[in-house]
Q: 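Before I ask anything, here is the structure I am working with.
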Amino acid sequence: MSITFAEKLARMPGYQAGVPTGQAPEAIAAGSVAQLASNESPFPPHEAVVEAIRRAATSMNRYPDPDATLLRRRLAERYETEPGRVAVGNGSCEILLAAAEALAEPGAEILYSWPSFSMYPYLPALTGAREVRVPLGPGAVQDLDAMATEVTAATQLLIVCNPNNPTSTHIPAAEVGAFLERVPPHVTVILDEAYVEFQTNDDPDAALDLLGQFPNLVVLRTFSKCYGLAGLRAGYAIGASTFRAAVDAVRQPFSVNALAQAAGAEAILHQDDVSRRVTATVAERLRVEEGVRALGLSATAAQANFSWIDLGAADEGEVVAGLAEREIAVRPGTALGGPGHIRVSYGTEAEDERFLAGLAELVAG
Ligand SMILES: *Cc1c(COP(=O)(O)O)cnc(C)c1O
C-alpha cells in the first residue's frame, strides 16, 4: 500500500510562476528578461534598507524576535495605532492563510470577488470552508452590492481587494465604508490594500479611518510592492487586537525572519522614497495606457502598478508566447480568470517601451 495525502491536497489550486516556462534561466540571471508578470517593483530597495539587512545579517545565529517588536512599533507609529493591533507576516499572504485558519472550517463560507487575487482560493481549499465567488461588475470593478447580498450567517471571512488584482480597479474608501455598514458584525472583512499606495483616486490612508468605526475590519498591506521587498516576505495587517492574537496563535512563532523585520522597520521610515516610487509608477501607468489605446486596445481604469488589457481579436496565447520570445514576461488572463486578457506590470521606462513595441507587432498580426 502506498502513502496517501490529505483530501484537501486535491483541492489546492497551485501557483504558476510569473516567468513563462521555457524562458532561459540565463536570460533571467543576465537581467535581459523584462519581468512584468508579478507586479513587483522594478526598483531595488532603498539603500538604507539594504544597509539594515546587512547589519541584521551578522546576527543570523540568533532566532528572530517572535513579537517583531521594533517592526510592529514602527508600523503603529506610522499609522497612529497600538502595536497590539498590528499583525506582521511572512508576506501578507501568510496573514491571509492564517486568517482563514483562525476563522474558517467546514460549514463556514469565505466570500470574495472573481477575478481577484490568485491566492484567495487557497483559503477555502485549505480550511474546507465553502467558497463564494461574486462576479465583478461593469468596468471590472468589484460589485460591493452583490457581495453584501451574498453574506449569510455562515460567512466568516469576506475579502475586498482594493485596488483589485488582476483588474487594477479601485473603489474609494467612502464606498467601502457604506458597504461595511451593510455587512453584519460577525463577518471579518479583510481589505487587501497591497497596491493602495499606487492609486490616485483617494487618500491612500483613507480606509484606515474606517477601523475605528468597524471592529470587524482588517486592513492588509505589504512591503512586497511599493517598497520593492518582494523577495524578503514581509506584510502586515491592522485590525482588532483579537484578530492579531488569532493569526499569531495559528502560526509558528518565528514566521517573520530577522532580515525581513529589520528591513520593514527601516523601510517604513522612508515615506519620501515611497512617494518617488509612486510618482515613477504613475508615469509608467500613463505611458502604458496611452500606448495600449494607440493600438486600439482597451484596458480597465488602472489604479495599481499594472494594467489589465483586453486583447480584442488578438489571441491571448499567441500574444503571451510572442512577448516571451521577445524576453518579456506578462501574465496570461486565462490563468487569472479573465480569458482574452493579459496583465502587465509596469517596469522601467525602457521595459515598458519594449513591451509596447512587442505588443504592437503582435496585435498588428
Ligand atoms: C502581491 C499581492 C499581495 C502581497 O503578497 P505578499 O505575500 O505580501 O508578497 C497581497 N495581495 C494582493 C492582492 C497581491 O496582489
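Both ligands and their constituent atoms are indexed starting at 1 by order of listing.
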Q: N/O of A194 under 3.5 Å from N/O of ligand 1, yes or no?
A: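 Such a contact does not occur with ligand 1.
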Q: I need the minimum non-hydrogen distance between A267 and V49, along with the two atoms involved.
A: CA-CG2, 3.6 Å
Q: Does S224 come within less than 4.0 angstrom of ligand 1, counting non-hydrogen atoms of the residue?
A: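 Yes, that is the case, since the closest heavy atom of the residue is under 4.0 Å from the ligand.
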Q: Which protein non-hydrogen atom lies closest to atom 4 (C) of ligand 1, naming both residue and atom, and how far is it?
A: S92 OG, 3.2 Å
Q: Can a salt bridge be assigned to the pair R277 and E197 using a cut-off of 4.0 Å between side-chain N and carboxylate O?
A: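 No salt bridge links R277 with E197.
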Q: If you round to the nearest 0.5 Å, how far is CD1 of I190 from CG of L123?
A: 7.5 Å
Q: Quick test of your reading of the model: are R54 and E51 salt-bridged, counting only N-O distances below 4.0 Å?
A: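 The answer is yes: the pair qualifies as a salt bridge.
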Q: Got an N/O contact under 3.5 Å between Y195 and ligand 1?
A: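 Yes.
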Q: Which residue and non-hydrogen atom of the protein lie closest to atom 7 (O) of ligand 1, and at what distance in Å?
A: R233 NH2, 2.6 Å
Q: Quick test: of every protein heavy atom, which one is nearest to atom 11 (N) of ligand 1, and how far off is it to 0.1 Å?
A: D192 OD2, 2.7 Å
Q: Quick check: N90 and ligand 1, any N/O pair under 3.5 Å apart?
A: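 No, since none of the N or O atoms of N90 sits under 3.5 Å from an N or O of ligand 1.
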Q: Does the E289 side chain pair with the main chain of A299, one donor and one acceptor, at a distance under 3.5 Å?
A: no
Q: Who's the nearest protein heavy-atom neighbour of atom 14 (C) of ligand 1, and how far?
A: K225 NZ, 3.2 Å
Q: Do R78 and Y236 meet the criterion of a side-chain donor-acceptor pair at a distance under 3.5 Å?
A: no
Q: In terms of atom number and element, which parts of ligand 1 are under 4.0 angstrom from non-hydrogen atoms of G91?
A: 6 (P), 7 (O), 8 (O)
Q: Is there any N or O on Y120 that sits under 3.5 Å from an N or O of ligand 1?
A: no
Q: By the definition ring-ring contact (aromatic ring centres under 6.0 Å, His included), identify the one residue from F355, Y195, Y346, F198 that meets it with F306.
A: Y195
Q: Under 4.0 Å between a side-chain nitrogen and a carboxylate oxygen: does that hold for E351 and R354?
A: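 Salt bridge flag = no for R354 with E351.
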Q: Just to check, does C161 reach to within less than 4.0 Å of ligand 1 when the distance is taken from its heavy atoms?
A: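 Heavy atoms of C161 do come under 4.0 Å of ligand 1.
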